[in-house]
Amino acid sequence: MSKILIRGAKVLGGEAQDVLIDGETIAEVGQDLSAEGATVIEAAGQVLLPGLVDLHTHLREPGREDSETVLTGTRAAASGGYTAVFAMANTFPVADTAGVVEQVWRLGKESGYCDVQPIGAVTVGLEGKQLSELGAMHESAARVTVFSDDGKCVDDAVIMRRALEYVKAFGGVVAQHAQEPRLTEGAQMNEGVVSAELGLGGWPAVAEESIIARDVLLAEHVGSRVHICHLSTAGSVEIVRWAKSRGIDVTAEVTPHHLLLTDELVRSYNAVYKVNPPLRTERDVMALREALADGTIDIVATDHAPHPHEDKDCEWASAAMGMVGLETALSVVQQTMVETGLLDWAGVAERMSFAPARIGSLENHGRPVSAGEPANLTLVDTSYRGVVDPAHFASRSRNTPYEGRELPGRVTHTFLRGRATVVDGKLA
């Protein structure tokens, strides 16, 4: 493989440095570097980050290739600066056996645009009644360590306890979709003033908060790890903060859309804003930002949820829940966290690369930008401003809530083990 010299980039937003990539590895970081025959990338003013890691991606394959495939999803990931994604288990068939997770893992190997780490289902068929083959999935070629029934909640406390006990044996983690099903029957949006005015079924914050409260207590009792998917309310923040103060081994994620958008957008009845958990209030958004800044919330995860247009271009009640997010996540974080002064770029690297790789036990990603480390890197033009046009997305689906909105920042280059997957903002 050829040598690549990135010249003058601000590493993690700090001082400008040169970074020399030789093969799959960072060979040198310093000032005024040179390398005979190297491809030179002039990156003055740009920010160099470790390759981003998404702990929560829906790639839809197998079964819903009309929405997304591993190939198109990883192309979208690379476009957004990601070098690794964790693929959720709610496929058809469900990723609840060693065979299915290995299929997804091998599809990721073949796609080549980023590494794909499958997430295994907690229960058979996501039905919440019987534990799936947790040990077999961990021992498979995919080496699964994260398990989730995302899209559905593991609402049975006994099943959740057993799952936490099981994964503890090999250092795994259960990622919970916190949604008490009895409290959200018929729910269409956040329960509050807007839902009352629109006459739409309300999704109360307590449906999320009650499950989180139960599960952190179960994790404490078992001595195991629990991760909270797409945390969305101010009350959930307080529960996680309390749990961490007790020393409970809990981590939590927030999505970009919950850092920016509110339930006021539902007044348009545009189903692009229908998502699970729902968009909440301005107060919740501000609480989530503060919690991400102070470390109560550990990571940003996209919950990239592609849908074909017919599943969104319909009346609100019939529309599917979910938004695509891989290609806009970093821009939204720049706008909501960096440009507001809540995080610097080193903090972004922690929450979008280092921490998700740690939580998912993913080696060779979320590594420092230093000599001897894998050359998984993302170069960002932070001065860029542009209007989101989903027609240019690499994803197979277009259900973005940001169409026509101006967002800052643009990924100019992504490198996976020294090989450029994105060059000058275009897929290689």
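This chain uses plain numbering: 1 for the first residue, then up along the sequence. Small disclaimer: the values here were computed from a predicted structure and weren't measured.
- Proximity of Thr57 to Asp303: side-chain heavy atoms (C-beta onward) are nowhere separated by under 4.5 Å.
- Between Ile297 and Val240 there is no side-chain heavy-atom pair separated by less than 4.5 Å.
- Remark: the Thr233 side chain and the Ser236 side chain contain an N/O donor-acceptor pair separated by less than 3.5 Å.
- In this structure a side-chain-to-backbone donor-acceptor pair under 3.5 Å is present from Arg289 to Leu259.
- If you take CG on Asn90 and CZ on Phe92, they are separated by 7.0 Å, rounding to the nearest 0.5 Å.
- Using a 3.5 Å distance cut-off with no hydrogens or angles, the side chains of Glu180 and Ser210 do not pair a donor with an acceptor.
- No side-chain donor-acceptor contact under 3.5 Å links Thr400 and Glu403.
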Chi angles and distances behind the salt bridge (charged side-chain N to carboxylate O under 4.0 Å, His left out) call for Arg106, Glu110: CA-CA 6 Å; Arg106 290 195 172 92; Glu110 294 166 7; over 6 Å; no
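- Minimum heavy-atom separation, Thr296 to Lys244: O-NZ, 3.0 Å.
- For the pair Glu282 and Met286, the minimum side-chain heavy-atom distance is below 4.5 Å.
- In this structure, His58 has its ring center under 6.0 Å from that of His56.
- No side-chain heavy atom of Glu61 sits less than 4.5 Å from a side-chain heavy atom of Thr91.
- Looking only at distances, a side-chain donor or acceptor of Arg398 sits under 3.5 Å from a matching main-chain atom of Pro390.
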>> Working note: His304 + Glu327, criterion side-chain hydrogen bond (donor to acceptor under 3.5 Å, both in side chains); need CA distance, chi angles, decisive distance, verdict.
In response: CA-CA 9 Å; His304 175 82; Glu327 296 173 74; over 6 Å; no
Query raised in the report: side chain to side chain contact (heavy atoms under 4.5 Å, CB included) between Ile21 and Arg417: does it pass, once the steps are laid out?
Result: CA-CA 9 Å; Ile21 299 171; Arg417 286 183 291 279; over 6 Å; no
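- Taking the side chain as every heavy atom from C-beta outward, Glu264 and Thr262 approach each other to under 4.5 Å.
- Using modelled atom types, one finds no donor on one side chain facing an acceptor on the other under 3.5 Å when comparing Ser148 with Gln176.
- Considering every non-hydrogen atom in both Pro306 and Arg60, the closest pair reads O-NE, 3.0 Å.
- The two residues Ala95 and Val101 make their nearest non-hydrogen contact at CB-CG1, 3.9 Å.
- Taking the six-membered ring for Trp and the full ring otherwise, His230 and His177 have centroids separated by under 6.0 Å.
- Taking each heavy atom of Val237 and Ala287 in turn, the nearest pair found is CG2-O, 4.2 Å.
- No side-chain donor-acceptor contact under 3.5 Å links Arg225 to the backbone of Val250.
- Side chain of Thr414 to main chain of Ala78: a donor-acceptor pair is present (N/O by atom type, distance under 3.5 Å, no hydrogens or angles).
- If you take CG on Leu292 and CG on Asp298, they are separated by 9.0 Å, rounding to the nearest 0.5 Å.
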Starting from the C-alpha separation in whole Å, work towards a yes-or-no answer on side chain to side chain contact (heavy atoms under 4.5 Å, CB included) for Phe393 and Thr328.
-> CA-CA 10 Å; Phe393 281 1; Thr328 52; 4.1 Å; yes
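- One finds the CG atom of Leu49 at 13.0 Å from the CG atom of Asn376 (value rounded to the nearest 0.5 Å).
- Heavy atoms from other residues, nucleotides or ligands lying under 6.0 Å from CZ of Phe170 number more than 12.
- Val19 is listed as a side-chain neighbour of Ile26, based on a closest heavy-atom distance under 4.5 Å.
- Within the model, atoms SG of Cys114 and CG of Leu52 stand 10.5 Å from one another, a figure rounded to the nearest 0.5 Å.
- Within 6.0 Å of atom CD in Glu363, 12 or fewer heavy atoms from other residues, nucleotides or ligands are found, so the atom counts as exposed in its surroundings.
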* Start with the C-alpha gap between Glu197 and Arg267, add the side-chain angles, then the distance that decides, and say whether salt bridge (charged side-chain N to carboxylate O under 4.0 Å, His left out) holds. => CA-CA 9 Å; Glu197 292 179 2; Arg267 294 184 187 277; 2.8 Å; yes
Margin query: Quick one, Ser232 with Glu208, criterion side-chain hydrogen bond (donor to acceptor under 3.5 Å, both in side chains). Give me CA distance, side-chain angles, the key distance, then yes/no.
Written below: CA-CA 8 Å; Ser232 72; Glu208 175 175 301; 2.7 Å; yes
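- In this structure, a donor-acceptor pair under 3.5 Å is present between the side chains of Glu68 and Ser395.
- Remark: the backbone N or O of Thr336 is paired with a side-chain donor or acceptor of Thr340 at under 3.5 angstrom.
- Val332 has its side chain out of reach of Gln335: every pair of non-hydrogen atoms, C-beta onward, lies at least 4.5 Å apart.
- Looking at Asp155, its side chain never comes within 3.5 Å of a backbone N or O of Gly128 through a donor-acceptor pair.
- We find the CG-NZ distance between Leu265 and Lys274 to be 15.5 Å, quoted to the nearest 0.5 Å.
- Remark: side-chain polar atoms of Asp381 are not paired, donor with acceptor, to backbone N or O of Arg410 under 3.5 angstrom.
- Note: Leu55 CG to Ile119 CD1 = 5.5 Å, rounded to the nearest 0.5 Å.
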Is there a side chain to side chain contact (heavy atoms under 4.5 Å, CB included) between Phe147 and His227? Walk through the geometry before answering. CA-CA 10 Å; Phe147 299 88; His227 176 76; over 6 Å; no
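- Between the side chain of Ser268 and the main chain of Asn270, a donor-acceptor pair closer than 3.5 Å is present.
- Under the 3.5 Å distance criterion, the side-chain polar atoms of Lys152 are left unmatched by any main-chain donor or acceptor of Glu127.
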query = Checking side chain to side chain contact (heavy atoms under 4.5 Å, CB included) for the pair Leu12/Val369: CA distance, chi angles, key distance, verdict?
reply = CA-CA 8 Å; Leu12 273 60; Val369 181; 3.9 Å; yes
Problem set entry | Stepwise side-chain hydrogen bond (donor to acceptor under 3.5 Å, both in side chains) test for Glu339 and Gln334 | CA-CA 6 Å; Glu339 295 185 352; Gln334 180 178 334; 3.1 Å; yes
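- Side-chain contact between Phe415 and Thr378 is absent, with no heavy-atom pair separated by less than 4.5 Å.
- Here the closest non-hydrogen pair linking Ser397 and Pro308 is OG-N, 3.9 Å.
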Using the rule given for salt bridge (charged side-chain N to carboxylate O under 4.0 Å, His left out), can you reason through Arg214 versus Glu209, listing the C-alpha separation, both sets of side-chain angles and the distance that settles it, and then say yes or no? CA-CA 9 Å; Arg214 182 202 73 179; Glu209 296 156 6; over 6 Å; no
Practice task
Walk me through it: do Thr72 and Thr69 pass the test side-chain hydrogen bond (donor to acceptor under 3.5 Å, both in side chains)?
Solution key: CA-CA 5 Å; Thr72 60; Thr69 65; 3.1 Å; yes
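- Closest approach of Arg283 and Ala234 over heavy atoms only: NH1-CB, 3.7 Å.
- When atom types are taken as modelled, the side chain of Asp66 and the backbone of His307 share no donor-acceptor pair closer than 3.5 angstrom.
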